[in-house]
Asker: 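Supplied in structure tokens, the structure appears directly below.
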Amino acid sequence: MRSDNLLRRERLLHPLTAVSLALVILAAFVPIFGDRLMMNIAIMAMIYIILGHSWNLLTGLAGMFSITHALFFGLGVYGMSISVAKFHLPIIAGLLVGLLINIVMSAIVGMIGSKLSGLYFVMAQVGLSQTIYTLSIQLFPLTGGVTGLSMPREYLMDKSTLYWIALILAILTTLAFAFIRKSRMGTMFVALKENPDLSLSLGSNVGKWRIMATVMSASMASLAGSFYALFMMSNNPEVFSMVISLKIIIVVIVGGIGSVWGPIVGSSLVVMDELIRGIMPTTMAPFSVIIYALVLIIMAIRHPEGLISIGRSIGLKLEGKSMKKVSISK
Amino acid sequence: MLKKTIGTILSTFLLASTLAGCASSSSSAKDESSSSSSKGSEPFKISMITPLTGNNTFGGNEFKNGAELAIEHLGGEINGRKIEMEFADGPDQNATLSEFERLYNKGSRVFVSGYGSGADRTFATMVDEMQVLYLSLAWDKDLIQGKSDYFYRVGANVVDFSSGAMDQAVSVGEKYLGKDAKDLKVAVVYTSNFEHIVEPFKERAKKLGVKLALVEAYPNDTKDFVPIITKLKNTDYDILVPFQGVTDGTPFQKKMHELKYTPPLTIGAGIYYDTPVFSNLGNDITDGILSQSYVTPFINEEAAKGSKKFREDYKKKYGHDPLTHALQAYGIVNVLAKALESVDPAKWDDTKELAAAVKKLDIDYGELPWYWGVSFDKNNSNTKADKFILGQWNNGSLETVFPDNLKTKDPIIPWEKK
Amino acid sequence: MFFEMSNVTKSFGGLVANKDISVEIAEGEIVGLIGPNGAGKSTMFKTVTGFHIPDSGSISFGGKDITKYEPNKICQVGISCTFQKSQLFSALTLEESVLVGAYCRHKRKSQALPLAHRMIEFVGLGGKEEVKISKLNMFERKKAELAAALATEPKLLLLDELFAGLVPTEVELMLELVKKINEEFGTALFIVEHVLRVIMGICTKVYVLEYGQLIAVGTPEEVTSSEVVIKAYLGDDDFYAATDIKS
Amino acid sequence: MGIDTFINIILNGILIGGVYGLVASAFTFQAGALQIVNFSYGSSTMLAMYLTFFLIKEWNIPIVFAVVILFALFFTIGWIMRRTILNNTNHGTQILTTMAVELVIINLVIIFFTGFPRDMAIFEKRINITDTISVGLTQLICFFLAAAVLVSFHLFLNKTWAGMSIRAVVQKKEIANIMGINSERIMDLAFSISYLIIAIAGIMLMTMFQVEPHFGNYMMTISFLVCVTAGIGNMGGSFLSGIIIGILSALITTLLGAQFHDPVLFGLFVLILLVRPNGLFNSSKRIARQI
């Protein structure tokens with residue numbers, strides 16, 4: 001028993017140490033040798049890592065197909081920029097306002113998610129996110145309409161500070177994801193995804209856990225959004241766009257859905273995209289979106305039985321290998 | 001095993017990207033050192049990030065053309081040093097920001113803003129830290145947050161523009177409809193995308209006591225305009241002021257024509273109503289409609305130096321009449337040129353000196369082809385970019401009718417349909 | 001009474017699946033429910049576990065009226081179950097799967113984990129904690145599901161066709177396990193089964209369902225000799241064929 | 001506001017709503033009958049509109065040929081999509097890949113046709129019913145054409161061999177296979193035919209509206225709205241609820257103001273989903289809640 005526990009603890013830590021190691025390597029190199037461009041790319045990658053974890057939590061673990069994930073991200077952006085630019089609150093308050101709005105919104109989404117499933121849930125999300133997008137344009141006095149709001153100049157941080165904040169946030173969310181995955185919550189999430197009826201009959205309150213998953217996931221995305229507002233120093237309704245939602249999804253799917261590694265591996269796609277843009281500057285923007293879309297389509301053609309399962313199979317392989325190691329060491 | 005592979009791939013990739021970063025940073029360092037060693041002989045670069053792809057390609061290309069023509073008219077050099085325009089594509093905010101960083105890495109230190117630059121908000125807070133001189137044409141009222149040494153708004157701001165539109169409506173009402181502000185009834189129709197433009201207009205109306213008989217803000221994806229036009233039909237008003245873009249202006253005007261409804265008087269608030277797209281609807285629709293423009297080359301030839309030359313050369317070079325967009329880009333490069341003229345070319349690479357020269361600029365109305373003058377206030381906003389032009393469509397061309405010193409024709413109000 | 005269903009009726013549209021059913025189970029008792037295919041066993045099972053709400057009648061447990069409770073609430077008051085065709089949680093490990101049940105009583109992992117381990121040991125799957133459910137065989141999965149259900153510390157355990165699909169030796173082992181549950185935890189068992197023979201040895205009371213109605217109740221011996229029951233199963237040739245069970 | 005104004009607005013809503021119904025019916029056919037969720041539906045409509053415009057206005061191809069080319073093209077697109085990315089039954093995958101296709105279409109249109117809005121520049125004739133009440137001729141033609149397309153599609157499904165095979169495959173794939181129907185081919189055929197409907201809808205929309213690359217978004221949300229009110233899979237109902245949405249959208253603009261149009265309509269959409277997820281016209285048992 002005791003040795004089992006030890007082994008298990010080692011397994012729990014192993015990917016985490018690897019991840020933190022990889023992140024620290026990144027951290028050490030970019031600000032020292034990298035220039036502003038490199039730091040920008042790294043920050044974008046970090047943002048997508050955070051968003052990736054957030055989506056992974058909701059869809060990869062809890063099995064609720066979040067199609068308009070940029071909704072939570074955008075609300076985080078707006079929470080920060082409105083409270084700082086309009087109401088002159090401190091940054092921490094902006095963060096909390098973003099979180100608060102997101103908790104309310106995600107409770108609604110979660111509630112819908114505990115009542116509806118499949119296509120209907122997806123359509124309800126599209127409807128909600130359209131409404132919020134429209135409101136973000138129409139509530140001009142609050143949101144600044146299409147042109148958005150500017151953050152006051154005194155909140156400008158230099159690139160390396162932003163970089164470190166992004167790095168810390170990315171590490172924190174990675175740890176949070178790994179912790180949640182192993183905790184009671186994570187077990188319940190996966191259980192309700194795999195077999196909602198059985199989890200119900202085993203005493204798990206499926207509706208509550210669904211709402212919980214949405215709230216946790218939205219809070220993570222909100223964090224990324226609030227940071228993005230500080231990074232861009234402005235907001236605009238484009239943060240709700242479908243392209244961002246799809247990018248988040250692709251980042252996770254490419255890396256492997258349901259696993260801690262997923263978003264981190266997948267964020268290399270964001271880095272690649274930004275680098276390519278740097279090499280081929282003009283008239284490439286629509287191509288970059290097309291490339292993202294093609295990656296997804298090719299994956300679908302190669303695995304017609306379900307993209308979701310590709311991620312799972314990668315996850316299984318990872319776990320399977322380490323499992324063998326355990327049995328050998330025994 | 002797989003985990004290891006992924007780990008290896010990841011770290012290889014990280015290493016590769018870091019190396020790439022080092023390479024690019026070292027090359028940019030080389031650029032700088034070489035340019036500083038041979039001061040004055042290297043061409044001086046002015047960068048513009050403007051949408052060359054995406055939804056705003058049209059305006060973006062006009063900007064590019066205008067800036068190109070400006071360099072050509074300057075002879076490609078100022079005070080003996082060559083100047084060059086460098087263009088980059090910025091279809092959206094994110095891409096604009098990326099391109100900005102890329103150009104900065106390559107050594108660009110002087111920028112003029114492109115068409116509809118949504119990223120100018122970000123630049124307004126960023127350029128001081130980077131010591132980049134940025135001349136902006138973005139018109140958001142709250143664009144500049146506090147004092148800056150490097151960021152300048154050379155164009156007009158939206159509050160001046162749209163409250164100016166209200167003033168134009170009032171003066172037209174007084175002069176031609178015989179109604180003073182208190183009796184005037186105005187209907188406003190606009191896409192909710194333009195809320196930021198209409199807000200000051202409404203405030204101005206409140207201040208002047210003008211009654212807004214109908215305020216209709218429709219979503220920007222509205223396809224069916226019949227209900228809105230029906231509402232207009234049933235409203236009693238004197239002047240219709242639409243704030244519309246290409247996507248909604250054309251179907252709106254077409255539907256009005258189909259329903260055989262002509263408003264008593266239309267004053268289009270620029271944006272769409274002074275473009276060739278609108279004029280393509282045909283004289284039946286366009287004739288008689290007034291439009292407030294930002295700047296236009298179609299003004300009295302004596303009023304602004306070089307406006308005729310710009311208009312004619314532009315048409316010769318690009319095959320169509322220049323739009324307000326092209327003139328804006330042309331104008332802003334000319335403003336920068338004025339600043340460059342006042343500084344020794346060897347010192348151009350010192351953006352601090354250059355920024356100080358821009359700040360000191362004091363140019364009167366009519367000195368530049370776009371008629372506006374230049375004089376910056378403490379927030380670096382141009383105070384002399386506040387004169388707007390009211391034009392009237394007459395037989396397929398937009399004639400300037402207000403103000404009096406710029407006009408090419410007298411307005412015909414009310415317009416008699418032939 | 002410990003567990004009592006009185007006059008429960010459940011219909012879908014025009015079809016009456018259960019009509020006027022009354023069942024009583026005493027504490028620690030092992031009760032069977034048999035009936036031919038389509039007799040309404042599954043409906044009754046789902047009504048008890050809270051997935052269906054009966055049209056009329058009431059269900060009480062430990063003195064509480066649980067007729068309108070949600071499934072998870074029913075589990076919390078002490079009724080647990082295993083499903084006929086459950087695949088359990090194929091992406092989870094055995095340990096995690098059992099933990100899902102253990103979390104019903106203990107919110108903390110430090111408390112739930114020992115319980116889960118005890119249950120895994122109890123069903124005889126010790127040492128396989130880290131194995132994914134998808135890697136287990138049919139028999140092991142059934143045992144795993146039993147462990148998960150036991151981890152909720154039920155006072156009444158419903159087993160829906162637990163023995164279906166097992167080979168004779170496995171059936172024997174499973175029967176031993178079921179008996180052990182009753183003896184060690186004092187859990188009352190309500191076994192829904194297609195074939196009576198399997199559970200004859202362990203039940204003290206058997207209910208027989210046909211066309212949604214209870215047609216007989218009594219000890220296994222009484223029931224097997226009852227003419228009504230034999231008639232109901234007439235033509236169902238696997239009534240006495242002990243192990244080859246259709247689902 | 002007079003009564004005739006209201007009649008005008010409602011008539012206008014009905015006529016446009018009929019076309020919405022047609023647009024949504026192909027989506028509901030795909031999602032309900034074929035069990036294929038196609039999120040690239042809106043942008044496919046947009047593509048049909050752009051192609052109509054360029055074939056007829058820019059490349060000056062005679063209308064009949066243009067329509068034939070468009071049909072052939074869309075039949076092929078449908079076929080290819082079904083053969084490559086939609087030959088699976090996983091809804092999650094279908095949604096993701098078709099969203100990707102949507103982005104590809106939008107961005108290809110931007111690259112090849114630029115993002116500039118296009119317009120057939122047809123001025124619609126109005127038919128005066130009374131002095132104050134009138135309807136648009138193009139709208140009227142489109143409305144009846146939409147109805148005719150739906151009726152003939154219905155007849156096709158019920159009367160022709162191909163249509164009956166489609167229905168057989170949709171209802172019982174295994175039995176259809178036993179009876180010698182190649183169910184995969186039939187599904188390809190059915191999906192391609194639904195793309196023909198999209199092409200027709202695109203032509204109609206092009207005569208009524210101007211098109212820009214994001215036109216599809218609007219059509220997609222309208223299709224969702226129509227489908228949800230009608231219940232997914234209910235094609236007759238989708239025509240009816242298209243009309244209801246048309247009237248509703250006109251009334252919201254007239255009575256509340258245009259700024260309330262989107263929030264009210266989308267709010268209603270979410271509400272209907274929560275309260276009556278099977279649609280307004282369906283009893284709750286006919287269609288499973290989980291699609």
Side-chain angles (χ1 to χ4, degrees), chain B residues 51-61 91-92 188-193 195 198 214-235 244-261 272 275-277 280-282 284-285, chain D residues 1-2 4-6 8-13 15-17 20 107 110-111 114-126 128 132 134-139 205 208-215 217-219 221-222 246 249-255 257-263 265-266:
Chain B
L52 300 171
T53 58
N55 284 352
N56 295 321
T57 316
F58 185 65
N61 276 320
D92 59 47
V188 201
V189 177
Y190 63 102
T191 140
S192 50
N193 276 9
E195 194 77 54
V198 182
L214 183 73
V215 180
E216 203 67 18
Y218 52 85
N220 66 324
D221 57 1
T222 302
K223 307 284 175 241
D224 174 23
F225 286 94
V226 174
I228 293 168
I229 295 166
T230 317
K231 267 180 130 168
L232 272 178
K233 263 187 186 172
N234 287 289
T235 311
Q244 289 171 321
V246 182
T247 37
D248 44 337
T250 305
F252 179 77
Q253 286 294 340
K254 266 184 75 181
K255 209 39 129 190
M256 290 226 285
H257 185 73
E258 284 164 14
L259 292 172
K260 296 199 174 54
Y261 174 65
Y272 164 69
T275 62
V277 189
N280 284 347
L281 283 177
D284 276 357
I285 294 179
Chain D
M1 226 175 274
D4 42 355
T5 313
F6 264 102
N8 258 333
I9 284 168
I10 287 172
L11 273 179
N12 178 64
L15 295 186
I16 288 185
Y20 289 166
N107 284 287
I110 288 174
I111 290 169
T114 76
F116 198 74
R118 308 285 175 165
D119 189 320
M120 290 298 262
I122 305 169
F123 285 106
E124 191 185 25
K125 284 202 182 63
R126 306 289 300 187
N128 288 320
T132 46
S134 68
V135 291
L137 183 65
T138 321
Q139 286 183 358
L205 289 171
M208 291 164 70
F209 301 126
Q210 79 170 356
V211 66
E212 39 100 20
H214 296 280
F215 191 94
N217 287 355
Y218 180 73
M219 245 39 252
T221 31
I222 287 285
S249 112
L251 283 182
I252 294 170
T253 309
T254 319
L255 298 178
Q259 64 267 43
F260 295 101
H261 180 272
D262 278 14
L265 220 53
F266 293 141

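The figures that follow rest on heavy atoms only: side chains count, while hydrogens, waters and symmetry mates do not.
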Asker: Mark yes or no for whether B:K223, through its side chain, and D:M208, through its backbone, hold a donor-acceptor pair below 3.5 Å.
Answerer: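 Not at all, since once roles are kept as given, no pair shorter than 3.5 Å links the two residues.
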
Asker: Is the closest side-chain donor-acceptor distance between B:D221 and D:N217 under 3.5 Å?
Answerer: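 Not at all, the side chains of B:D221 and D:N217 share no donor-acceptor pair under 3.5 Å.
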
Asker: If we check side chain to side chain contact (heavy atoms under 4.5 Å, CB included) with B:T230, which of these qualifies: D:I9, D:T254, D:N12, D:T253?
Answerer: D:I9

Asker: With a 3.5 Å distance limit and no angle check, can you tell me whether B:E258 reaches the backbone of D:R126 through a side-chain donor-acceptor pair?
Answerer: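 The answer is no, because no donor-acceptor pair under 3.5 Å joins these two groups.
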
Asker: Relative to chain D, which segment of B:V189 carries a heavy atom at a distance below 4.5 Å: side chain, backbone, both, or neither?
Answerer: neither

Asker: B:D248 versus chain D, heavy atoms under 4.5 Å apart: side chain, backbone, both or neither?
Answerer: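 Looking at B:D248, just its backbone touches chain D.
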
Asker: Find the distance between OG1 (B:T250) and CG (D:D119) and round it off to the nearest 0.5 Å.
Answerer: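 If I round to the nearest 0.5 Å, the distance is 6.5 Å.
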
Asker: Tell me, side chain or backbone of B:T247 under 4.5 Å from chain D's heavy atoms, or both, or neither?
Answerer: both

Asker: Output the option from B:L259, B:V226, B:I228, B:L281 having the highest count of non-hydrogen pairs under 4.5 Å with chain D.
Answerer: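 Among the listed options, the one with the most contacts to chain D is B:V226.
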
Asker: Assess whether side chain to side chain contact (heavy atoms under 4.5 Å, CB included) is satisfied between D:F123 and B:D284, documenting all intermediate values.
Answerer: CA-CA 12 Å; D:F123 285 106; B:D284 276 357; over 6 Å; no

Asker: Charged N to carboxylate O below 4.0 Å: is that the case for B:K254 and D:E124?
Answerer: no

Asker: Counting distance only, does the side-chain N/O of B:E216 pair as donor-acceptor with the main-chain N or O of D:A258 below 3.5 Å?
Answerer: yes

Asker: Between D:Q210 and B:V246, is there a donor-acceptor pair closer than 3.5 Å when you use the side chain of the first and the backbone of the second?
Answerer: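 Yes; at least one donor-acceptor contact below 3.5 Å.
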
Asker: Quick one: what part of B:K255 sits under 4.5 Å from any heavy atom of chain D, side chain, backbone, both or neither?
Answerer: side chain

